[in-house]
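Everything on this sheet refers to the single structure shown next.
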Protein chains: 2
Amino acid sequence: MNFAKRLERLVELLNEKNLDAAILGDRANVRYFTGMRFNAASFSILFVSKKGDVVLLTAILDYNRVKKTCFIKDIRKFPEDDPNYLAPLRELLSGRDVKTVGVEFSSVSVERENLIKEVTKAELLNIENDLLNMRMVKDKEEIELIKAAAKIAEKAMIKAMESVREGMKEYEVSAIAQDVMMREGAEGLSFEPFVMSGENAWLPQRFSSAKELKKGELSLFDMGCIFAGYCSDITRTFSLGGISDEQKNLFEVAYEAQKRAIKTVRPGVLAEDVDKAARDYIAEKGYGKYFPHLTGHGLGLSIHEMPIVDVGRKTVLQPGMVITVEPGVYVEGIGAARVEDMVLVTEDGCELLTNAPRELVR
Amino acid sequence: MNFAKRLERLVELLNEKNLDAAILGDRANVRYFTGMRFNAASFSILFVSKKGDVVLLTAILDYNRVKKTCFIKDIRKFPEDDPNYLAPLRELLSGRDVKTVGVEFSSVSVERENLIKEVTKAELLNIENDLLNMRMVKDKEEIELIKAAAKIAEKAMIKAMESVREGMKEYEVSAIAQDVMMREGAEGLSFEPFVMSGENAWLPQRFSSAKELKKGELSLFDMGCIFAGYCSDITRTFSLGGISDEQKNLFEVAYEAQKRAIKTVRPGVLAEDVDKAARDYIAEKGYGKYFPHLTGHGLGLSIHEMPIVDVGRKTVLQPGMVITVEPGVYVEGIGAARVEDMVLVTEDGCELLTNAPRELVR
């Protein structure tokens, strides 16, 4: 990865937007610009000035490692468990002529904002979307890592789906997949995976409970991992048999909607058009009001990023974008169905990155 | 759990502090007051007024479940993937006479702050420490859940330590423990677990890498799970044999320091005195400058909470507090050692909650 190049683009952005500096804390952004992995329980702060000064602030216990492995010259440490842990940021900002600072508004805390304003009197501006735009099109190396993350998730899904049987608890199914992913060298999970069976699926429950799998139910399993920083995300709908024609039809509608949406994915198409292909089909089949979420989302260093594939989203698809396609149908008393795959936008269309079997009955 | 009682105490706090409302987003706080579990990838917002109005804002996809299972009457939904996702919070605040709002400064985002200020013109005040104080002493039910989380982690540590052998990768060891915890019904991991072997341990690395375990090394494994919302945390130092007397001594110093610290734990003692027992012993043995972190931390609904057991921390220990005790020694070129256990402060002393074998050579 060319981190120096990425930092150059950030400096350009600061100059374009007339910002004196950026102070970034979002894990995905820090990793994008520095390449540094941090324990999910740890954090760090990246300072970049419009003149090109770059300082990475890390916890004392991360300092030696980062100093040894990071290309950035100016690494400083902060005492993570101290109430005054931001003192090194204060020191870094003291005496600097910083009047405007770019930060991530959805994650920068009021505590950090107050410190920045107290020391610099600067105005804070939101550059979150600019950074998301910068990360939206993936380069070749990123695509390789995303593919590796997708392959691990695929393997885990296959093993989990081969293992399901009557009486298993939802969390036992997710445990099987997690184990495969961790043994394959995933850094962690891209989100808390969840099996939702029967009534938990149409609720929806969004975490794996101790409920046991039964025949006659539609069940969903949504999961993914992080490999070398990059996320994967895949959902399968499964049944242990004994389901009605109506349940089968529900699955067929969700699956067909997904196929239709994927067929539209190519450079130049708007994100909302991919959504429309799925949404119109589901509506046409009479389930319009049972599809309560987006059709898909970009993913990369974070699990939800640009482009968002939903009603009204005008982002033009470009080669190198990676999105999920996951329309779903949730009908109380009947069941729920969603098939989710990862799709890479290529020069002339798209490539499916996840191919675990999609058949309903296991 | 008596959630209504907890909310009553929050309303009392607002009245004592002359705050018109609290708007809370920290997962641990929301769970403490509502009992609601949310997927780690989801979030929610709790509004409580000093008059006792309580509103829980959840993502659309969590709404049905929360509406069905939460004791709170006023549940509202927000569209989580929409740029305007905070509109329901705006609506909730519109027209309310709110001049001062308590929030958590270390986690409330500038985006949320701006919205609150725009709608209400209110001043935001930090009630984070008040909430941490409220959660610091655990009740009987909480202690049972923490014990259950500790037992699961203990079981996972035992299995992992039985499995270690030369040539295994660090992440393969953590995968074994994670699998035990998830199959035992843990909701997830209390933090990203890490095996650090040989040079990774004294660095320290703070995540599990692909480095293989070798004889002649000291290695650390730090991990824990979340059970019914409550965290566990345990560390063992292990070796595959072939270590020097100096390495053995390093382990003995860290372990003895831990035992001495634990011996001091009882009601009335200051947190800093527990730290001092470990720190003085390590200094006496000549490793003072090789102990770069705190001796311990409280844990409960979050993995790091009050009391912090470190230099200068004057918190008076009380029955029902749960802390870790984990002094460590890290010497470049030699190795690192840390033994961490969870300790419950009881009426007349303390109770060890984790008892996985502590012997060094496996």
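Proteins come first, then strands; the chains are lettered A, B, ... in the order of their sequence lines, and each starts at number 1.
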Completion exercise
Honestly, the part of B/Phe38 sitting under 4.5 Å from a heavy atom of chain A is backbone
Fill in the blank from the handout: Looking only at B/Ile308, B/Leu189, B/Asn126, B/Asp179, the option with the highest number of non-hydrogen pairs under 4.5 Å against chain A is B/Asp179
Handout entry: chain B contact via A/Arg37 - side chain, backbone, both or neither, heavy atoms under 4.5 Å
Key = both
Completion exercise
Under 4.5 Å to a heavy atom of chain B? For A/Pro79 that would be neither
Completion exercise
So, the part of A/Ala210 with a heavy atom under 4.5 Å from chain B: the answer is neither
Problem - Engaged part of A/Ser208 at the chain B interface, taking heavy atoms whose separation is under 4.5 Å - result: backbone
Handout entry: Ionic contact status for A/Glu332 with B/Lys68, cut-off 4.0 Å
Key = no
Problem - B/Ser106, part contacting chain A, at a heavy-atom distance under 4.5 Å - result: both
Practice task
Name the region of B/Asp82, side chain, backbone, both or neither, that has any atom closer than 4.5 Å to a heavy atom of chain A.
Solution key: backbone
Problem - Side-chain heavy-atom pair B/Ile60, A/His293 within 4.5 angstrom cut-off - result: no
Practice task
Could you look at A/Glu187 and say if it's the side chain, the backbone, both or neither that has a heavy atom under 4.5 Å from chain B?
Solution key: backbone
Problem - Any donor-acceptor N or O pair under 3.5 Å, side chains B/His297, A/Asp81 - result: no
Handout entry: More than 12 heavy atoms from other groups under 6.0 Å of CZ on B/Phe105
Key = yes
Exercise for the section: Ignoring hydrogens and angles, tell me if any N or O in the side chain of A/Asn39 forms a donor-acceptor pair with the backbone of B/Phe207 under 3.5 Å. Expected result: no
Problem - Minimal non-hydrogen separation, B/Glu192 against A/Ala40, with atom names - result: OE1-N, 2.7 Å
Handout entry: Closest-packed option against chain A by number of heavy-atom pairs under 4.5 Å, given B/Glu80, B/Glu111, B/Arg65, B/Met182
Key = B/Arg65
Practice task
Below 4.5 Å from any heavy atom of chain B, which atoms of A/Gln205 appear? Answer side chain, backbone, both or neither.
Solution key: both
Exercise for the section: Give a yes or no on whether a salt bridge exists between B/Arg112 and A/Glu113, defined as a side-chain N under 4.0 angstrom from a carboxylate O. Expected result: no
Problem - Residue A/Asn200 versus chain B: region with a heavy atom under 4.5 Å - result: neither
Fill in the blank from the handout: Whatever's closer than 4.5 Å to a heavy atom in chain A on B/Glu184 counts as backbone
Exercise for the section: Examine whether an atom of A/Leu294 lies under 4.5 Å from a heavy atom of chain B, and if so say whether it belongs to the side chain, the backbone or both; otherwise answer neither. Expected result: side chain
